[in-house]
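Everything on this sheet refers to the single structure shown next.
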Amino acid sequence: MDERRLKELIEEKKYVTLKKELEELNQVDIAELLEKLDVYTALLIFRMLSKDLAVEVFSHFSVEQQRNIIGLVTDKELKYIVEELFFDDMVDIIEEMPANIVKKILKHAKEEERSLINQFLKYPPESAGSIMTIEYVDLKKHMTVGDALNHIKKTGLDKETVYTCYVTDENRKLEGIISLRKLVISDEEKTIEDIMNKDVIYVHTHDDQETVANIFKKYGFLALPVVDKEDRLTGIITVDDIMDVIEQENTEDFQRMAAMAPSEEKYLDTDILTLAKHRILWLLVLMISATFTGRIIMKYEGVLQTIVVLTAFIPMLMDTGGNSGSQSSTLIIRGLALGEIELKDAGKVLWKEFRISVIVGFMLAVINFFRIYLFDTVGPLVAFTVSITLFLTVIISKGIGSLLPMAAKKLNIDPAIMAGPLITTIVDAISLILYFKIATLILGI
């Protein structure tokens with residue numbers, strides 16, 4: 001079903017057909033379709049869905065749509081939604097809602113859930129604890145395979161995943177894991193201890209979400225256990241939750257690389273004052289730092305007055321240096337994010353970028369020499385001055401572009417901050433100093 005078909009059935013009031021066709025769709029697709037309707041029509045269709053499907057669809061709505069639905073549904077409807085939502089989805093919703101909506105949700109949550117929600121909300125915003133769920137299957141090592149399968153049948157419907165089960169002792173200390181596949185193919189008389197995997201990869205509640213995402217990418221897990229400082233199993237993180245984190249981290253990196261403060265709000269839903277606030281700080285920093293380049297030009301004003309033609313090549317040198325540094329920084333930032341590059345690889349990275357910069361810089365310098373000499377009608381010494389400056393600028397800018405993100409990582413700063421705009425500002429100043437020093441030496445000014 002597409003948007004046109006949906007609106008056609010609504011206009012013709014063919015609600016029986018509409019309900020039938022919607023329930024054949026995936027809940028994500030239903031949520032997307034309802035997002036395109038006005039809130040009252042969306043609520044009308046939402047109420048037509050079966051209760052279980054409605055809960056699934058609700059969990060895939062945008063924060064704004066969830067807020068609208070919560071504000072319009074009856075207490076009885078909200079109570080059912082809250083009771084049926086997976087725990088981590090409920091926590092995610094509460095984190096995004098204003099206080100009046102949170103109060104309304106918590107009113108319908110069970111007492112034990114309310115205390116757990118408060119505990120979850122105290123975890124740092126970007127920690128493993130803030131995205132985990134408590135809805136996992138736990139087993140004991142003395143259980144037989146048959147007992148374990150019966151336990152899963154009884155409790156599995158209320159769990160977010162049953163594909164991986166977690167073995168804990170009486171103090172909830174994590175002792176091992178076992179997959180549902182292994183349980184199904186094993187002899188029913190065997191104990192869990194005999195067949196469980198004791199070499200468990202896990203994360204701690206205060207580990208950064210980016211660390212968790214890297215583990216998921218490295219091992220291809222569907223779920224990952226989360227333990228506290230005493231190695232007691234606190235919850236699990238599922239792959240669907242970590243996919244949201246990866247998307248969020250990538251968005252933040254892009255925003256920082258464009259010299260903007262990160263924001264989780266959608267562009268069209270964000271007011272212009274908020275967008276301006278996110279941009280102005282970095283623009284001010286870059287503008288003030290760019291005054292250094294102005295001061296350098298003023299210092300060598302005499303050089304420019306002696307050979308005015310040198311002024312014409314300043315933009316080209318600065319742009320090439322900035323672009324060269326940005327190329328290197330982008331690759332290094334991406335490598336650090338994916339775990340392909342580590343801090344101990346700084347020497348290898350610098351040596352590799354140096355060799356690349358020599359090749360690239362030499363080719364650009366040679367082409368630039370003949371371009372200036374033949375088409376700009378300047379003498380060979382001026383052409384050589386510009387070209388040798390270009391060669392050295394490319395080498396230096398690629399070195400800076402590769403090392404600054406690694407230095408940021410060492411200082412526990414997001415490497416994405418050391419991207420295009422900041423590197424360009426630094427390289428601009430260096431390239432100008434080089435240019436005027438080399439011009440003074442070669443042209444004897």
Side-chain angles (χ1 to χ4, degrees), residues 63 88-89 91-92 95-96 119-134 136 160-161 164 174 200-229 231 233-266 278 282 326 328-346 348-349 401-423:
V63 173
D88 60 329
D89 289 332
V91 172
D92 289 342
E95 283 180 325
E96 300 289 343
Q119 180 184 337
F120 270 61
L121 294 177
K122 288 176 184 175
Y123 287 117
E126 296 189 355
S127 67
S130 68
I131 56 170
M132 69 183 179
T133 178
I134 56 168
Y136 57 85
E160 186 142 342
T161 179
T164 304
L174 183 62
V200 186
I201 295 169
Y202 55 83
V203 293
H204 288 90
T205 50
H206 284 73
D207 284 350
D208 189 84
Q209 290 179 4
E210 199 166 347
T211 303
V212 179
N214 288 334
I215 293 174
F216 267 91
K217 284 185 282 189
K218 182 176 180 180
Y219 295 101
F221 289 145
L222 292 176
L224 185 64
V226 183
V227 300
D228 61 16
K229 59 185 179 182
D231 289 341
L233 184 61
T234 307
I236 65 169
I237 297 171
T238 53
V239 69
D240 58 323
D241 291 321
I242 211 62
M243 289 298 290
D244 294 336
V245 170
I246 292 170
E247 182 182 351
Q248 179 187 329
E249 294 287 345
N250 287 341
T251 301
E252 286 182 4
D253 284 348
F254 279 124
Q255 289 170 333
R256 287 195 176 104
M257 289 170 75
M260 291 189 295
S263 171
E264 294 181 13
E265 296 183 53
K266 292 181 181 178
H278 288 158
W282 267 108
S326 294
S328 299
S329 66
T330 301
L331 289 174
I332 303 307
I333 289 167
R334 190 64 181 153
L336 288 169
L338 294 174
E340 296 171 355
I341 298 172
E342 297 178 7
L343 293 178
K344 65 181 181 181
D345 299 321
K348 293 178 184 177
V349 169
S402 58
L403 287 183
L404 274 183
M406 301 190 80
K409 185 81 172 177
K410 178 72 175 175
L411 296 171
N412 292 321
I413 302 170
D414 192 331
I417 292 172
M418 301 298 182
L422 188 57
I423 287 174

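Values in this document were obtained by computation on a predicted structure and should not be read as measured data.
Every residue meeting the side chain to side chain contact (heavy atoms under 4.5 Å, CB included) condition with S127, not counting sequence neighbours, appears here in chain and number order: Y123, P124, S130. Remark: D228 engages R232 in a salt bridge (Lys or Arg N to Asp or Glu O under 4.0 Å) (not counting sequence neighbours). Take H204 and apply the side chain to side chain contact (heavy atoms under 4.5 Å, CB included) test, not counting sequence neighbours, and it matches Y202, D207, V227, D231. By the salt bridge (Lys or Arg N to Asp or Glu O under 4.0 Å) test, E340 is found to be paired with no residue, residues two or more places apart in sequence or in another chain being considered. In terms of the salt bridge (Lys or Arg N to Asp or Glu O under 4.0 Å) criterion, K229 has no residue partners (sequence neighbours excluded). For the side chain to side chain contact (heavy atoms under 4.5 Å, CB included) test, no residue two or more places apart in sequence or in another chain qualifies with L331. K218 pairs by the side chain to side chain contact (heavy atoms under 4.5 Å, CB included) definition with nothing, not counting sequence neighbours. Applying the ring pair (Phe, Tyr, Trp, His ring centres under 6.0 Å) criterion to F216, with sequence neighbours excluded, gives no partner residue. Partners of T238 by side-chain hydrogen bond (donor to acceptor under 3.5 Å, both in side chains), not counting sequence neighbours, listed by chain and number: E160, D240, D241.
Remark: the backbone N or O of E342 is paired with a side-chain donor or acceptor of D345 at under 3.5 angstrom.
Taking a 6.0 Å sphere around NZ of K217, one finds it holds more than 12 heavy atoms contributed by other residues, nucleotides or ligands.
Closest of all the heavy-atom pairs between Q209 and I242 is O-CD1, 4.2 Å. When all heavy atoms of V226 and A128 are compared, the closest pair comes out as CG1-CB, 4.4 Å. Minimum interatomic distance between L224 and I201 (heavy atoms only, all atoms of both residues): CD1-O, 3.4 Å. Taking both residues in full, the closest heavy atoms of I341 and L336 are given as O-CD2, 3.4 Å, listed atom of the first, atom of the second, then distance. Heavy atoms only, all atoms of each residue included: P225 and V200 are closest at CG-CG1, 4.0 Å.
Two residues are said to be in side-chain contact when any heavy atoms from C-beta on lie closer than 4.5 Å; F221 and V239 fail this criterion. With contacts defined as side-chain heavy-atom distances shorter than 4.5 Å, the pair L222/T161 does not qualify.
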Next on the checklist: Could you walk me through whether T133 and I237 satisfy the side-chain contact (heavy atoms from CB on, under 4.5 Å) test, starting with their C-alpha distance in whole Å, then the side-chain angles of each, then the deciding distance to 0.1 Å, before giving a yes or no?
Outcome noted: CA-CA 6 Å; T133 178; I237 297 171; over 6 Å; no

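From H206, atom NE2 reaches atom OG1 of T211 across 13.5 Å, with rounding to the nearest 0.5 Å. Distance check: I236 CD1 to I131 CD1 gives 11.5 Å after rounding to the nearest 0.5 Å.
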